[in-house]
Peer 1: 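Sharing a structure with you now.
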Amino acid sequence: MDLLAHLEAYVATADEVSFSRAADRLGIAQPLLSRRIKTLEEHFGGPLFDRSRRQITTTELGMLLLPYARDVLDRTQRLRQVAGAAGRARLRAVGVPAHCAPAALARAIRAGAEHGITLGMCELPPRERVSGLADGSLAYALVRVVPERGAYLVPLGLASAPEPEVADGGRVPALGGARRAVQLEDLRPRRGRRAELTAPLPVLTLAEDHVPAHEDRLQRAAARAGLPPGRFRPAGPAATALAETLAGRALLLCAEPFARQHGARWAPLGDRSLHRGYDVGAAPDRAGTADVPHWLVPLLASAVGAAREPGTPPGIGTGAEDVAARLAARG
């Protein structure tokens with residue numbers, strides 16, 4: 001027995017003092033309403049209505065149970081309202097890179113609230129953002145893709161100590177003066193007596209760039225530029241990498257906002273294929289679709305300082321399966 005449907009028939013009949021009007025109120029046929037009331041009477045062990053007169057009346061049992069039936073239906077209605085509100089404003093986890101701009105993330109959170117969604121930002125490495133979309137632990141995420149396929153691009157460059165000069169062999173000419181693009185060839189050891197005495201500075205890479213496709217490209221580009229093996233080294237914690245950079249003991253491959261925020265000098269890499277490409281992905285819903293709210297995409301992109309690639313339609317995003325397939329195809 002559908003207790004709620006039967007209680008609705010009981011309460012409507014008591015209110016309308018008519019089987020036909022109660023059926024119209026509920027939008028059901030009168031025989032169905034009569035059967036529900038009869039089933040309820042059998043369940044409670046006595047008649048709820050006196051049908052012996054021309055106009056039905058509620059029996060003593062019916063009057064006794066009526067307040068409790070109303071209470072059950074009222075509580076059910078409130079339960080539905082609370083569940084509906086929770087569904088509209090449920091928490092949705094968003095995977096973002098480390099060191100995003102807090103103000104930009106705040107704008108995304110406020111925009112979510114305006115659209116009835118509570119967004120929770122989760123700083124995660126690239127691979128965990130992809131796996132989070134695949135297993136549903138993330139609703140949305142900024143996902144690394146190759147620059148040519150990304151909707152957004154973050155230029156990478158080299159950060160160095162704020163002092164004008166660093167050790168020979170590690171100094172990047174563009175960092176101290178005009179803001180010109182740095183080529184990997186600029187990092188080759190210099191010829192001459194001093195170059196023989198001074199080891200070139202290592203170039204540290206952050207966790208955000210520990211993506212197979214990016215690492216493969218970087219290694220091949222370094223080899224083409226004639227750099228010695230191991231010149232690019234994965235860094236540990238970002239704070240340690242920054243300390244090494246600011247102390248003049250290393251260069252750091254990073255985005256400009258990250259370098260400027262900590263007082264380091266920065267110059268962009270000339271090779272765009274080594275920049276960071278991003279898409280905004282969504283976990284598939286129950287229907288199998290993976291749609292990203294159009295208002296969320298530019299807000300998340302701005303959090304990493306990304307610029308839209310020319311010719312990319314506004315609000316573009318990718319689903320978890322598509323992103324995972326892209327990364328897998330590129331190693």
Peer 1: Quick one: pull up NE2 in His99 and SG in Cys254 and give me the separation to the nearest 0.5 Å.
Peer 2: 10.0 Å

Peer 1: Show me the donor-acceptor pairs within less than 3.5 Å that the side chains of residues 202-215 make with the rest of the protein, sequence neighbours left out.
Peer 2:
residue, atom, partner, partner atom, Å
Thr205, OG1, His210, NE2, 3.2
Thr205, OG1, Arg233, O, 3.4
Glu208, OE1, Arg129, NH1, 3.1
Glu208, OE2, Arg129, NH2, 2.8
Glu208, OE2, Tyr278, OH, 2.7
Asp209, OD1, Arg144, NH1, 3.0
Asp209, OD1, Arg276, NE, 2.8
Asp209, OD2, Arg276, NH2, 2.9
His210, NE2, Thr205, O, 3.2
His210, NE2, Leu206, O, 3.1

Peer 1: Answer whether the closest heavy-atom distance between the side chains of Leu227 and Arg188 falls below 4.5 Å.
Peer 2: yes

Peer 1: Does some side-chain heavy atom of Arg75 sit less than 4.5 Å from a side-chain heavy atom of Asp71?
Peer 2: yes

Peer 1: Give the minimum heavy-atom separation between Pro147 and Leu153, together with the two atoms involved.
Peer 2: CB-CD1, 3.6 Å

Peer 1: To check you understand the geometry: which heavy-atom pair defines the closest contact between Asp271 and Ala221, and what is its length?
Peer 2: OD2-CB, 4.4 Å

Peer 1: Are Leu274 and Phe258 connected in a single hydrophobic cluster, I mean Ile/Leu/Val/Met/Phe/Trp/Tyr linked by side-chain heavy atoms less than 4.5 Å apart?
Peer 2: no

Peer 1: Which atom pair, heavy atoms only, marks the closest approach of Thr59 to Asp50?
Peer 2: CG2-N, 3.6 Å

Peer 1: Going from CE on Met121 to OH on Tyr140, what distance comes out if it is rounded to the nearest 0.5 angstrom?
Peer 2: 11.0 Å

Peer 1: Counting heavy atoms not belonging to Glu42, are there more than 12 under 6.0 Å from its CD?
Peer 2: yes

Peer 1: Determine all donor-acceptor pairs shorter than 3.5 Å in which one atom belongs to a side chain in residues 241-250; sequence neighbours excluded.
Peer 2:
residue, atom, partner, partner atom, Å
Glu244, OE1, Arg249, NE, 3.4
Thr245, OG1, Ala241, O, 2.8

Peer 1: In this structure, would Val297 and Trp295 fall into the same cluster of hydrophobic residues linked by side-chain contacts under 4.5 Å?
Peer 2: yes

Peer 1: Roughly how far apart are Arg51 CZ and Ile56 CD1, rounded to 0.5 Å?
Peer 2: 7.5 Å

Peer 1: Would you name the heavy atoms of Ala108 and Leu296 that are closest together and state the gap between them?
Peer 2: CB-CD1, 4.2 Å

Peer 1: Taking the side chain as C-beta and beyond, is there a heavy-atom pair between Arg35 and Leu32 under 4.5 Å?
Peer 2: yes

Peer 1: For Leu187, is there any backbone N or O sitting under 3.5 Å from a side-chain donor or acceptor partner on Arg231?
Peer 2: yes

Peer 1: So which heavy atom on Pro298 is nearest to which on Tyr152, and how close?
Peer 2: CA-OH, 3.8 Å

Peer 1: Distance from Arg110 atom CZ to Leu105 atom CG, nearest 0.5 Å?
Peer 2: 11.0 Å

Peer 1: Quickly, which of Leu300, Asp279, Val280 forms a side chain to side chain contact (heavy atoms under 4.5 Å, CB included) with Val292? Name it, please.
Peer 2: Val280

Peer 1: Look up atom CZ in Phe44 and atom CG in Leu64, then write down how far apart they are to the nearest 0.5 Å.
Peer 2: 10.5 Å

Peer 1: Side-chain heavy atoms under 4.5 angstrom apart, residues restricted to Ile, Leu, Val, Met, Phe, Trp, Tyr: same cluster for Val143 and Leu124?
Peer 2: yes

Peer 1: Under 3.5 Å, sequence neighbours excluded: what are the donor-acceptor pairs made by side chains of residues 1-19?
Peer 2:
residue, atom, partner, partner atom, Å
Asp2, OD1, Leu4, N, 3.4
Asp2, OD1, Ala5, N, 3.4
His6, ND1, Asp2, O, 2.7
Tyr10, OH, Gly62, O, 2.3
Tyr10, OH, Leu66, N, 3.0
Thr13, OG1, Ala9, O, 2.7
Asp15, OD1, Arg70, NH1, 3.1
Asp15, OD1, Arg70, NH2, 2.5
Asp15, OD2, Arg25, NH1, 3.3
Asp15, OD2, Arg25, NH2, 3.3
Asp15, OD2, Arg70, NH1, 3.4
Glu16, OE2, Arg25, NH1, 3.4
Ser18, OG, Ser20, N, 3.4
Ser18, OG, Ser20, OG, 3.0
Ser18, OG, Arg21, N, 3.2

Peer 1: Within a 6.0 Å radius of atom CZ on Arg78, are there more than 12 heavy atoms belonging to other residues, nucleotides or ligands?
Peer 2: yes

Peer 1: Using a 4.5 Å cut-off on heavy atoms from C-beta on, say whether the side chain of Leu269 contacts that of Leu184.
Peer 2: yes

Peer 1: Any link between Leu138 and Val130 through a network of hydrophobic side chains (Ile, Leu, Val, Met, Phe, Trp, Tyr) touching at under 4.5 Å?
Peer 2: yes

Peer 1: Rounded to the nearest 0.5 Å, what separation is found between the CG atom of Leu251 and the CG atom of Leu158?
Peer 2: 6.0 Å

Peer 1: Which heavy-atom pair separates Trp266 from Ala159 by the least distance, and what is that distance?
Peer 2: CD1-N, 4.1 Å

